[in-house]
Asker: 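Here it is: the structure, laid out below.
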Amino acid sequence: MNNIIKIDKVSKSYGSLKAVNNLSFLVKEGEFFSFLGINGAGKSTTINMICGELSKDFGSIEVCGEEVDGNNTSLKEKIGVVFQDSLLDKSLSVYDNLKIKASLYNITGKDFLDRYEELSKLFNLKEIEKQPISKLSGGQRRRVDIARAIIHNPSILILDEPTTGLDPGTRKSIWKVLNNLRKEKNLTIFLTTHYMEEAADSDYIVILDKGTTIAEGTPLELKNKYASDTVYIYNVDEENIKKLDKSYKKVRDGFKIIVKDLKEATDLIIKNKDLFKDYEVIKGKMDDVFLNATGYELEDE
Amino acid sequence: MNKLISLTKRNIKVYFSDKKMFFTSLITPIILLVLYVTFLSGVFKDSFINAFPEGFKYTDKLLNSLVGGQLISSLLAVSCITVAFTSNLLMVQDKAEKTIKDINITPISKFTIGLSYFVSTFISTFIVNFTVTIVCFIYAHFFGTYMNINDMLNIVLDLLLLTLFGTSLSSVINFNLSTQGQVSAVGTIISAGYGFICGAYMPISSFGKGLQKVISFLPGTYGTSLLRNHALSSSFREMRNQHLPEELIDGFKKAFDCKIKLLNNYVSINSMYLIVTGFTLLFIVIFIFMNKHKKRS
Ligand SMILES: Nc1ncnc2c1ncn2[C@@H]1O[C@H](COP(=O)(O)OP(=O)(O)OP(=O)(O)O)[C@@H](O)[C@H]1O
Ligand SMILES: [Mg+2]
């Protein structure tokens, strides 16, 4: 697979604040790529540089083999962006907004109507098409944002927190559409999100802190490295748990033992068959990866 | 070209559908209209009557045509500039609300974007002012006027010129603004100040000498004066027909800013056209230059 986005030693400062600091990473064609980091880590800043809206101070940003400088018209045809804040014209209707943006990609007349019909079906726009953006609910607006971002059939779709604030049903339906697009059109997805379960499905993850990569890898690699597995054991005496010689915590009806990985869990259970009557093993989650990688203490549940 | 047209259409649509923006731009013309109806027209009438020679039998029609001409020219002089400024503020608002980002990521050149703001400001301003003009003509028709087609066409031509002037001036001034605060500041200053400076509330000729001098260096003043000349010339023609002395008519012209002194000489109508056109072209050149040399943040 080709590298479709190449970020090489990129830096960007706002005054004395280094928003992005010597950042490097690669995104492969057709990949579902997640770009994670706490608030203010520099995600949106990086996205603004990738789509040419913001200039970089140092380094190089290549998209589809072309260095981004803000004027690459051919590149702009290939990138679709859902910005963190919806940027449509609030006083204009859904239909007008899409029509205007389509025309800026030279999609007009019948081409537009056909495309609009497709998107309208995909995102259920029919019943809201005449409403001005300002009157839409958050979820409705996000649907329009995404329709807008893919109106020109881009090969890279950049999503800056596309589902923040949406109910689980809406989130699910949005992801269904996006996943279909990935399968059908080999769309590369570049996602920023604070919902770790969304990132868990991605092919590759980069975690950012203070403008630099602090962890990267596939979800599995990251889980192995940053998330420990947990064994819960119920209805036993604390005396017996102490004998296991592992650090543990008391939870309701039982105890929680942190193990490095599944192998350690299996060994532990096999060695103490008699003790482990009522137990469960929970695999580390992306949440743990994120919290551990960004240096947050794991809270007790 | 298609992109320019659709972006221009978008700008115009946003301007007319953004109620806040649209109504702020009409505030000054409306205030002026209210002032005329309640107060100013009486003041002007009195001053006209006092200026007529002893024993001259003036008709209501003559009076009304003078007051009407004064109103039309004031209204248009003000709204050409204020409406241009406020509709051009869309360019700033797009930056402040970041809407421009969603346009910048499309394959359209920065230059086309700049041009679309210019064209849309011109069109929006012209639509508003042309409507105002038509209403004024209808008003004049019922209240009494001696205007013929020629006078009207001259007014429409002034309107075009002044709209273009306002568009180019506001494009240059607004170009580097980028926040909502600046939008309101510029909007307020222009709406509050311009009516005064162009002599809409009180003729420039009644200001102090120093202020008159300063105002005579502002190119917009000559646009106002063109409008005054063309809105009042039919009344002056009628005064001549009624055998009023030429000195009196000349006094009227000076008193109502049809004649303006620049460096101690009265400026001819042709020079007024030249000044306004020249500055418009200058601003357009500056605007193009700024667009070409714009840097990304
Ligand atoms: N236009 C700007 N001017 C000055 N500082 C800025 C600007 N935009 C962003 N910053 C700063 O740069 C840093 C990175 O911001 P950025 O928006 O990239 O973060 P983010 O990772 O997208 O955060 P979030 O998850 O909250 O969206 C922050 O400290 C922010 O305050
Ligand atoms: Mg962000």
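A note on names: the letters A, B, ... follow the listed sequences, proteins ahead of strands, and every chain is numbered from 1.
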Asker: For the residue pair Leu104(A) and Leu7(B), establish whether any side-chain heavy-atom pair is separated by less than 4.5 Å.
Answerer: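 Yes, at least one pair of side-chain atoms sits under 4.5 Å.
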Asker: Pick one of side chain, backbone, both or neither for Lys19(B), based on which atoms fall under 4.5 Å of a heavy atom in chain A.
Answerer: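 Interface part for Lys19(B): neither.
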Asker: Roughly how far, to the nearest 0.5 Å, is OG of Ser134(A) from CG of Asp18(B)?
Answerer: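 It is 9.5 Å, given to the nearest 0.5 Å.
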Asker: Is atom CZ of Phe111(B) surrounded by more than 12 heavy atoms (other residues, nucleotides or ligands) closer than 6.0 Å?
Answerer: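 Check passes, neighbour count above 12.
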Asker: Answer yes when Asp85(A) and Lys98(B) have at least one side-chain N-carboxylate O distance shorter than 4.0 Å, and no when they do not.
Answerer: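 Judged by the 4.0 Å cut-off on N to carboxylate O distance, Asp85(A) and Lys98(B) do not form a salt bridge.
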Asker: Who among Gly52(A), Ser86(A), Pro132(A) has the most heavy-atom pairs with chain B under 4.5 Å?
Answerer: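 The option with the most such pairs is Gly52(A).
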Asker: Would you please say whether a donor-acceptor pair under 3.5 Å links the side chains of Asn48(A) and Lys101(B)?
Answerer: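 Judged by distance alone, the side chains do pair up.
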Asker: Is Phe39(B) atom CZ crowded by more than 12 heavy atoms from other residues, nucleotides or ligands, each under 6.0 Å away?
Answerer: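 It does not: Phe39(B) CZ has 12 such atoms or fewer within range.
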Asker: Check each atom of Asp96(A) against the heavy atoms of chain B and say whether the ones under 4.5 Å are side chain, backbone, both or neither.
Answerer: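 Interface part for Asp96(A): side chain.
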Asker: Working to the nearest 0.5 angstrom, can you tell me the gap between Glu53(A) CD and Ile100(B) CD1?
Answerer: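 Glu53(A) CD to Ile100(B) CD1: 8.0 Å, rounded to 0.5 Å.
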Asker: Report the distance from atom CZ of Phe83(A) to atom CD1 of Ile105(B), rounding to the nearest 0.5 Å.
Answerer: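 Separation between the atoms: 4.5 Å.
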Asker: Show the nearest heavy-atom pair for residues Gly70(A) and Lys110(B), with the distance to one decimal.
Answerer: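 Of all heavy-atom pairs spanning Gly70(A) and Lys110(B), the closest is O-NZ, 3.7 Å.
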Asker: So how far is it from Ser91(A) OG to Lys20(B) NZ, rounded to the nearest 0.5 Å?
Answerer: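 The distance works out to 11.0 Å.
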Asker: Heavy-atom distances under 4.5 Å only: say whether Lys90(A) touches chain B with side chain, backbone, both or neither.
Answerer: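 Neither part; nothing is under 4.5 Å.
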Asker: Just so I understand: if I count every heavy-atom pair under 4.5 Å between each of Asn72(A), Leu88(A), Asp89(A) and chain B, which residue has the most?
Answerer: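 Going by pairs under 4.5 Å, I would pick Asp89(A).
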Asker: In residues 115-129 of chain A, which residues are in contact with chain B at a heavy-atom separation under 4.5 Å?
Answerer: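 When heavy atoms of chain B are the reference, residues 115-129 of chain A contributes no residue within the under-4.5 Å range.
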Asker: Is it true that, when you exclude Tyr195(A) itself, more than 12 heavy atoms of the residues, nucleotides or ligands shown sit nearer than 6.0 Å to its OH?
Answerer: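 Counting other residues, nucleotides and ligands, OH of Tyr195(A) exceeds 12 neighbours.
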Asker: Is there side-chain contact between Ser17(B) and Leu92(A), with at least one heavy-atom pair below 4.5 Å?
Answerer: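 Of all side-chain heavy-atom pairs linking Leu92(A) with Ser17(B), at least one is under 4.5 Å.
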Asker: Is the shortest distance from a Lys or Arg side-chain nitrogen in Asp102(B) or Arg148(A) to a carboxylate oxygen in the other one below 4.0 Å?
Answerer: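 Yes, Asp102(B) and Arg148(A) are salt-bridged.
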Asker: Taking the side chain from Lys76(A) and the backbone from Asn104(B), do they hold a donor-acceptor pair closer than 3.5 Å?
Answerer: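 Present.
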Asker: Is Lys3(B) close to Asn106(A) at the side-chain level, that is, under 4.5 Å between some pair of heavy atoms?
Answerer: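 They are in contact (side-chain heavy atoms under 4.5 Å apart), so the answer is yes.
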Asker: State whether the number of non-hydrogen atoms from other residues, nucleotides or ligands found under 6.0 Å of Tyr201(B) atom OH is greater than 12.
Answerer: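 Correct, the count exceeds 12.
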